[in-house]
Engineer: 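Got a structure for you, questions after.
Computed over heavy atoms, backbone and side chain alike; hydrogens, waters and symmetry mates excluded.
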Number of protein chains: 2
Amino acid sequence: MSTIRDVARIAAVSTATVSRVINSPEVVSPETRNRVAKAMKACRYQYNALARGFVTQQSYTLGLIVPSITNPIFAESIRGVQDFAHREGYQALLGNSDYEYAKEARLCEVLRERQVEGLIITTTKLRGKVLRDLLDDHFPLVLLYSTVRKGPISAVGVDNFRGGYSATEHLIHLGHRRIAMLAGRFSFSDKSLHRWHGYKKCLRDHRIPYDPALVLQTQYALENGREGIKALLALEQPPTAVFCSNDFMAIGAMQGAREVGVALPEGLSIVGFDDMAIASYINPGLTTIRQPAYEMGRLGAEILLSQIKRRDGRPIHKILETGIVVRESTAGLTVCEPKRNSSLTSGKHV
Amino acid sequence: MSTIRDVARIAAVSTATVSRVINSPEVVSPETRNRVAKAMKACRYQYNALARGFVTQQSYTLGLIVPSITNPIFAESIRGVQDFAHREGYQALLGNSDYEYAKEARLCEVLRERQVEGLIITTTKLRGKVLRDLLDDHFPLVLLYSTVRKGPISAVGVDNFRGGYSATEHLIHLGHRRIAMLAGRFSFSDKSLHRWHGYKKCLRDHRIPYDPALVLQTQYALENGREGIKALLALEQPPTAVFCSNDFMAIGAMQGAREVGVALPEGLSIVGFDDMAIASYINPGLTTIRQPAYEMGRLGAEILLSQIKRRDGRPIHKILETGIVVRESTAGLTVCEPKRNSSLTSGKHV
DNA sequence: CATTTCCATGTAAATGTTTACATTTTTTTA
DNA sequence: TAAAAAAATGTAAACATTTACATGGAAATG
């Protein structure tokens, strides 16, 4: 691979001049500029951005850690981050934590070794060594899908409490009283915890007793929704509606309900969280709480880059709006409950 | 940020020794090793992997370009690439081409400037300047979701022809004769082209006349499937079955069919391609051609890294197996066709 | 015409590691 | 115990750029 030196030799100028035609061509005379351009072609010169980063002490790289790249909601956020970052000349090194704190920690380490200028993390543990170390070093950092609204770390997220509240309220307005929740594990996901708080508060506001048996903590995948709903429907007093911590769980729950013969939405109303693109394409269409995933990523990148530029800035916290999207997976409580229950216990349905 | 030099000074050794305790600790005496370790702690030393890459001329980074990160099938492949790459100490810089050749070209450029040691690309244009340049420079390169089985570029993919053939054959065996295809645009996607060839060949083998009116080229997203199927169902002689170039289109087609009142699967059988995780969770479950997406990514990374290690190696081509996964979105031709048609033209259905 | 200003270019140091080679110290061998 | 071998450490150059500063010549100014 040829270097700036080769180009300089061929064009009979100094390396400084070559560097100048690359970085500020207007400052070098047209003739030399031309000569250098030709020399570059002649030796198939390839610019080395790493070497530049090495001397300018800027890698123009940022790190991005999400729990699961296979979840389209995070994929959208990744797009948001990349779109903004690319426009500013930055690239992103992407990592999956798989909702595991150890992987998150390891990723932080290798990304920092690679001199990322900042990190965007959807963290699995808000009070862990990872974030503390980053903070101690005043390392530019933005939390995504965050629940924090103040404190030293910049963060962008949505109002999960309110999202949980709206979801539950929607179900209550439809006449439901026995409302279950399929929640992500609170220990990995403070988001899920906040949604649960919203759910509980809404029940209380409507004088519906909270029944812990109706709340199941599991993981965020399709199969967890499927198994979770089966467990709930097998209860002595099964729910007539369920609020799921994300759309995967909700879609899993739909399938699980179908498998035990519960008709949707008559036999069970389901609300999800996220509003992934596919939510309006499944049958019945999924009622869900919309999160502006792309926008969250974009904004996260914007905040991070501003933070990188002026490292003394105050932390920024942004809470984006969610909204309930009502589709066909939720319906009023019409069917006679006892009947459904008795048929459920018999284990066969139509 | 403190450097190896600071550590050396504190531990009263040379920088070479510090480097040695980092890279081959066994070669330095336990006492010095200890002293150096302490010094590192003392000045909060952070290893700079970029500086190392600079001197060793290895970035331990590879570039990965996919058409759409929001498609879970590609997300799975990304995971496959990352899992293998990380194990070998590599990181991946990820880029989205959005199925646009210009973006693909631009990404190649910036990734090469960043000294990625190799590229894994799901290309949108097999015979373009991008790949030619890469090839001319003997740049380590692996094509993913590739249709090529020979030639100078390493590639891993599936047998798209056969996939298209199986999908069509399945529909024919169910009794369908009017089988449409919702295809990705052949100009961006040679995969789609090959699937179409499989589809045509299968029709011919079963003496079913090929009707170009039943083949629609569109993009790969949900809404394209939805609109596409509506166009097809509005034909004078609508299809009774449709083979879609990916699962998004198929799921979109389901929704589109529902919207014009066609019952699934009785009124229309649908076959997808990919077998994304959600395919077995929707209703009806999607019959589709399975692609080993994760494995493809993993294998691509493996081939690329082997290529990086010995750059003289012969190109490697791997064709992975697909298989049809039969679910509920396809059914035998039972309903009387004319009846459905007449009701279709009236525009209202149950 | 002498001085100042400006423009274009060159010089050389700096960035944080690794590593071939050299040197010193310790251990083994005869 | 001297010589040889092995182990531990040091020296310094190299990697591809950028950039502060220097330099020389041309244009502008008095």
Side-chain angles (χ1 to χ4, degrees), chain A residues 1-40 43-61 89 109-117 137, chain B residues 1-40 43-61 89 91 110-117 137:
Chain A
M1 213 58 324
S2 59
T3 77
I4 219 180
R5 234 177 217 97
D6 302 309
V7 177
R9 192 170 32 73
I10 297 174
V13 295
S14 72
T15 60
T17 299
V18 179
S19 174
R20 276 188 280 256
V21 334
I22 294 167
N23 298 295
S24 39
E26 71 284 357
V27 92
V28 18
S29 79
E31 310 97 274
T32 7
R33 201 164 25 184
N34 245 298
R35 207 145 32 92
V36 170
K38 259 185 207 137
M40 282 175 162
C43 65
R44 304 183 115 259
Y45 171 70
Q46 268 270 335
Y47 184 69
N48 184 336
L50 251 44
R52 173 214 220 178
F54 185 44
V55 18
T56 62
Q57 301 284 74
Q58 288 192 278
S59 64
Y60 281 98
T61 306
E109 201 180 333
V110 320
L111 293 179
R112 288 195 70 183
E113 282 189 354
R114 276 160 183 274
Q115 310 300 109
V116 297
E117 293 181 34
D137 295 347
Chain B
M1 211 62 322
S2 57
T3 75
I4 218 178
R5 238 177 213 93
D6 301 307
V7 177
R9 192 170 31 72
I10 296 173
V13 295
S14 71
T15 59
T17 299
V18 178
S19 173
R20 277 188 279 256
V21 335
I22 294 167
N23 298 295
S24 39
E26 71 285 356
V27 93
V28 19
S29 78
E31 309 98 274
T32 6
R33 202 165 22 185
N34 244 298
R35 206 144 34 90
V36 169
K38 260 184 206 137
M40 282 174 163
C43 64
R44 304 182 115 258
Y45 171 70
Q46 267 270 337
Y47 184 69
N48 184 334
L50 250 45
R52 173 215 221 182
F54 186 44
V55 19
T56 61
Q57 300 286 76
Q58 288 193 274
S59 64
Y60 282 98
T61 305
Q91 290 287 319
V110 321
L111 293 179
R112 287 195 70 181
E113 282 190 354
R114 276 159 182 275
Q115 309 301 109
V116 297
E117 294 182 35
D137 295 348

Engineer: At their closest point, which heavy atom of B:Y47 faces which heavy atom of A:Q115, and how far apart are they?
Structural biologist: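 Taking every non-hydrogen atom into account, O-OE1, 3.6 Å.
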Engineer: Of all nucleotides in DNA chain D that come within under 4.0 Å of a heavy atom of chain B, which is furthest toward the 5' end and which toward the 3' end?
Structural biologist: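 First-to-last contact on DNA chain D, by the 4.0 Å heavy-atom rule, is D:dA8 to D:dA16.
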Engineer: Taking five pairs at each end of the helix from C:dC1-D:dG30 to C:dA30-D:dT1, what angle separates the two helix axes (nearest 10°)?
Structural biologist: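 Terminal axis comparison yields 40°.
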Engineer: How many angstroms lie between CG in B:D6 and CZ in B:R44, if you round to the nearest 0.5 Å?
Structural biologist: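 Spacing of CG (B:D6) from CZ (B:R44) equals 14.0 Å.
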Engineer: Could you tell me whether A:Q46 contacts a base, only the sugar-phosphate backbone, or nothing, with contacts defined as non-hydrogen atoms closer than 4.0 Å?
Structural biologist: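 Sugar-phosphate, no base atom in range.
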Engineer: Closest approach of A:V13 and A:R35, non-hydrogen atoms and distance?
Structural biologist: CG1-NH1, 4.0 Å
Engineer: Could you state the CZ-C1' distance from A:F54 to C:dT15, rounded to the nearest angstrom?
Structural biologist: 4 Å
Engineer: Just how far is it from atom CE of A:M40 to atom CD1 of A:I22, taken to the nearest 0.5 Å?
Structural biologist: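 Reported value, rounded in 0.5 Å steps: 3.5 Å.
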Engineer: Find the distance B:I4:CD1 to C:dT19:P and express it as a whole number of Å.
Structural biologist: 11 Å
Engineer: Hey, is the side chain of A:S14 poking within less than 4.0 Å of OP1 or OP2 on C:dG10, counting only N and O atoms?
Structural biologist: yes
Engineer: Using atom CZ of B:R52 as one end and atom C1' of C:dT15 as the other, report the distance to the nearest whole Å.
Structural biologist: 18 Å
Engineer: Does B:V55 or B:T15 map to a spot on DNA chain D nearer the 5' end, using the closest nucleotide for each?
Structural biologist: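 Result of the comparison: B:T15.
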Engineer: Which is true for A:A12 with a 4.0 Å heavy-atom rule: it touches a base, it touches only sugar-phosphate, or it touches nothing?
Structural biologist: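 Answer is sugar-phosphate: A:A12 comes under 4.0 Å of backbone atoms only.
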Engineer: Report the distance from atom CD of A:E113 to atom CG of B:N48, rounding to the nearest 0.5 Å.
Structural biologist: 9.0 Å
Engineer: Taking CZ from B:R5 and P from C:dT15, how many angstroms apart are they, rounded to a whole number?
Structural biologist: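 Atom CZ in B:R5 sits about 8 Å away from atom P in C:dT15.
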Engineer: Starting from C1' on C:dT17, measure out to CD on A:E113 and report it in whole angstrom.
Structural biologist: 13 Å
Engineer: SG/B:C43 to CE/B:M1 distance, rounded to the nearest 0.5 angstrom?
Structural biologist: 9.0 Å
Engineer: Which is it for A:I4 and A:Y45 under the side-chain contact (heavy atoms from CB on, under 4.5 Å) test, yes or no, and what are the steps along the way?
Structural biologist: CA-CA 8 Å; A:I4 219 180; A:Y45 171 70; 4.2 Å; yes
Engineer: Output the distance between atom CZ (A:R20) and atom OG1 (A:T15), rounded to the nearest 0.5 Å.
Structural biologist: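 One finds 8.5 Å between CZ of A:R20 and OG1 of A:T15.
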Engineer: With a 4.0 Å limit, can you tell me whether A:Q57 has a side-chain N or O closer than that to the phosphate oxygens OP1/OP2 of C:dG16?
Structural biologist: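 A:Q57 to C:dG16 OP1/OP2: side-chain N or O found under 4.0 Å.
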Engineer: Work out which heavy atom in B:I10 is nearest to a heavy atom in B:A39; give both atom names and the distance.
Structural biologist: CG2-CB, 3.7 Å
Engineer: Does a side-chain heavy-atom distance below 4.5 Å link B:E117 with B:Y60?
Structural biologist: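 In contact.
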Engineer: Near DNA chain D, counting only heavy atoms under 4.0 Å, which residues of residues 16-32 of chain A show up?
Structural biologist: A:A16, A:S19, A:N23
Engineer: Minimum heavy-atom separation for B:L50 to A:R114, with atom names?
Structural biologist: CD1-O, 3.6 Å
